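Mind looking over this structure? Questions follow.
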There are 2 protein chains.
Amino acid sequence: MPITIYDVAREAGVSMATVSRVVNGNPNVKPLTRKKVMTAIERLGYRPNAVARGLASKRTTTVGVIIPDISSQFFSELARGIEDIATMYKYNIILCNSDHRLEKELQLINTLLEKQVDGLLFMGAEIKEDHFHSLKTASIPTVLAATRDPEGKLPAVTIDHFQAAYDATQALIRRGHKRIAIITGPMSYPLEGLVRFEGYKKALLDAGLPYDEQLVANGSFRYESGLQSMGDFMKLAEPPTAVFAASDEMAIGAIHAVQDLGHSVPEDVEVIGHDNVRLAEMVRPRLSTVVQPMYDIGAVAMRLLTKYMNNEQVEDHIVLLPHRIEYRQSTKEMAEE
Amino acid sequence: MPITIYDVAREAGVSMATVSRVVNGNPNVKPLTRKKVMTAIERLGYRPNAVARGLASKRTTTVGVIIPDISSQFFSELARGIEDIATMYKYNIILCNSDHRLEKELQLINTLLEKQVDGLLFMGAEIKEDHFHSLKTASIPTVLAATRDPEGKLPAVTIDHFQAAYDATQALIRRGHKRIAIITGPMSYPLEGLVRFEGYKKALLDAGLPYDEQLVANGSFRYESGLQSMGDFMKLAEPPTAVFAASDEMAIGAIHAVQDLGHSVPEDVEVIGHDNVRLAEMVRPRLSTVVQPMYDIGAVAMRLLTKYMNNEQVEDHIVLLPHRIEYRQSTKEMAEE
DNA sequence: CTGAAAGCGCTAACAT
DNA sequence: ATGTTAGCGCTTTCAG
C-alpha cells in the first residue's frame, strides 16, 4: 500500500492541506511546520501521486508529441530539442510515431487528449481539416514543429523552405552550372516536397535558366532513392553537372551514384543536400548542405508551447528560424563564400 | 466544460456504471442498452478522461522509457521498436533522456513513478545499487534494454556483447592479421566498453596472438574519436592491419583516417564496426559490422514488459538476442563466409 | 443486466 | 498559518 498525503499528515500531526502546501512549495507555511512535514515525508518515503494531482488540478505537466518517425535522424534530433526544453520547464513528453499516416495521426491526437496532456507538439508533413476538427474539440495549445498549416492558423516553428531551396539552387547557379538537377521529396509533403521544388524552379527562372523536366526526380528522402535518381540522371544524353537533393541522405546517395560510375564529386558533379544531419560530416567528400536547425526547431517549438500553456503573451505565433548553407567538400570552393 | 461520463449517462437514460461498462467493453450489457449509450457518446462527443480512469483503476496504460540520448541513431532505432510494440498493446510511452548521468536517471525514475507508469524500460550503460533502491520503493515491473545489471537481478534484453566482440576479432584473425587494433568505448560502460574489450583480448589469446597495448585506443563511440584513434595508430612504427571498433561511427572515422593518409580500406587495413546502424550502408566502402538488432531489442524488451505488467508467466527473464557479422566492403571477401 | 455508492489521492476554495 | 470540505471523473464492489 503506497503512502498517501494523508499518512504524511498524520505522521506530521498536521492536515493534508498543509502537506499539500509544502509539497507544492506554497510559501504560506511556517518554517517549523514545513520542517516537520518534510521529515515525515522523508521518513515515510512519500511520493506524490501525479495522477491524483492531475485529476484535481486539471494539469498533468505532460505534453504529447506526435512525430512521423523517431528513428529518422532528422526527427530524433528535433525530439531531443523538444525534450530538453520540456525538462527545463518540468514537463514530460508522451512520444508517438505517426508514420505520416493521417488516420494514425488523428487517433493519436485523440489518445493524447484523453490522457489530458497540457499541450500538443505536432510534426508531420500535412495539416488537414481533420486535424483542426480533432484539435478543436479540446482546446489545448498546439504547436507545429518543422512544418506549417496552409492557412497559418496554428502556431508553428520552422524555416523558410522556399527560400532555403532557392538559396541552394542559386548557389549552384553561381558556380556556373547550366544543368542543375533536383531530387525532390514526395509531393505529398507540401513543404519538404512541393515548396522546395518551387524554390528550385524559381531560382532557375530568376537566373534565366530553362526548366527541364528530365532533371527532376521524385525521391523518398531515403539514401536509396538518391542513389537511384542520380543513376538515372547520369544516363541522360546530357547529364546534370550539379544536383540539389531535398535531404542529406538522398544527396549522399547521389554522390555515391556519381562515384560508382567512376566520376567524382565535386569535380564532375557538385551536390548540395538539405538538413545537415550528423551524417553529412561522416562521408567523404563531406556534404555541402542547407542547414536546418533541427534541435533548435524542437527547442523553440517547445518553448513556445510552454508560453501558451502558461497563458503568457506571445508576439509571433509563426516563427521562422534562419537557415544557411554549409559549404563542405561536395561543392567546389569559391572565394566569396 | 468537457463532457463527463455522467453527462452521457443522463443523455442515454442509464447509470454511469453502465456507461463505464460499454466504454470498457464489458460484455454484461444488453445490446440495446449498449447502442443507446454509444449513440449518446457519439452525439455528445464524449472523450473518456484517462487521468480519472487511472486514479480509479490504478492503471495508466503508460510506460516510462529512460534512454541515454534519443538523438543517437542507435537509441532512436531502439525506441522505435519499443514504441511499435507499446502501441500494439495499447500503451503510451513517456520518453526521457538521461545523458548517461546517474543523478538524472534516478530523478527520472522518481518522476516516472510519481506519474504512476505501469512499467519501466531502462537503457543505460551501468546499473548501480542506487537504481535498485529507487526501483524497489515502488514495485513496478522494469526491463533493461540493450544492457544488463551485473548480478542479473533485473529482466533484460540484449545480445552477448562478449561473444560479439570475440567473433569480430576472430573474423579479423582468420583473415590472417597479426596486428589487430581495437577502438573501445569508454570503460565506464561495462558492456559496450569493458566487455567488448575483454572479448577482443580473449580472441587474441585463443589465437596465440600477443596483446599489444599500443593497439588499444579508448574512444567515445563518436566519429571523431574513431578518426583520431586511427590516425594515432597509423603513426605507429608498425601500424595495425586491421581494426575492430566498438561502434559504427568510430569504425567509419577509422576508415576515413586511413583514406586521408592515402591508404585504402580494405586493401591496406580491414575494418569491422559494431551495431549496424543505417549509416553503415551509406558510406563507401560500405561497412562490415557486427549487427546488433536494435529495433528487435526494443520490441522484445517492450513485449517482455507487457507480460510482467499483465502478470503473465515468463520463462526467461534474461533474453539474449542473436548477433551476427555482416560482411560488406570494409573487409576483404573470403570464400567461406 | 443495471444501478447506487464508496472511494482513488490530491487540490483548492473557504473558514478559522 | 492551518484546517475543513467538496469535488476532479472514473472504476468497482455490492445489491437487486
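All values reported here derive from a predicted model rather than from experimental measurement. Values reported hereafter were calculated over all heavy atoms of this structure, with side chains retained and with hydrogens, waters and symmetry mates removed. Chain identifiers are assigned alphabetically (A, B, ...) following the order of the sequence lines, protein sequences preceding nucleic acid strands; residue numbering begins at 1 within each chain.
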What's touching nucleotides 6-8 of chain D from the protein side, N or O pairs under 3.5 Å?
residue : atom : partner : partner atom : Å
D:dC8   : O3'  : A:Lys58 : NZ           : 3.0
D:dC8   : O2   : A:Ala56 : N            : 3.3

Quiz item: A:Arg47 side-chain donor-acceptor pair to C:dG9 base, under 3.5 Å: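 Flag unset: no donor-acceptor pair detected.
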Check ion pair A:Arg43-A:Asp7 (N to O, under 4.0 angstrom): no
From C:dG3, D:dG9, D:dT2, nucleotide with atom closest to B:Pro2 side chain: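 Nearest nucleotide to the side chain: D:dG9.
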Closest to side chain of A:Ser15, choosing from D:dT4, C:dC1, C:dA4: D:dT4
Residue-phosphate contact under 4.0 Å: B:Thr18 side-chain N/O, C:dG3 OP1/OP2: yes
Options C:dC10, C:dT2, D:dG3, nucleotide nearest the side-chain atoms of A:Ala17: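 So the side chain of A:Ala17 is nearest to D:dG3.
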Residue pair A:Ile127 / A:Arg148: nearest heavy atoms and the distance that separates them: CG1-O, 3.8 Å
More than 12 heavy atoms of other groups within 6.0 Å of A:Tyr6 OH: no
Nearest-neighbour nucleotide for the B:Thr33 side chain, C:dC10, D:dT2, C:dC1 considered: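 Shortest atom-to-atom distance from the side chain points to C:dC1.
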Distance below 4.0 Å between A:Ser20 side-chain N/O and C:dC10 OP1 or OP2: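 Checking A:Ser20 against C:dC10: no side-chain N or O falls below 4.0 Å of OP1 or OP2.
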Positions of residues 106-119 of chain B (non-hydrogen atom under 4.0 Å from DNA chain D), listed by number: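 Residues of residues 106-119 of chain B that come under 4.0 Å of DNA chain D do not exist, since none gets that close.
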Main-chain N/O of A:Asp69 paired with A:Ser71 side-chain donor or acceptor, under 3.5 Å: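 Side chain of A:Ser71 to backbone of A:Asp69: no pair is present.
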Sugar-phosphate, base or nothing in reach of A:Val14, heavy atoms under 4.0 Å: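 Sugar-phosphate contact only.
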Minimum-distance nucleotide to A:Asn24 side chain [options: C:dA4, C:dT2, C:dT11]: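 Nearest listed nucleotide: C:dT11.
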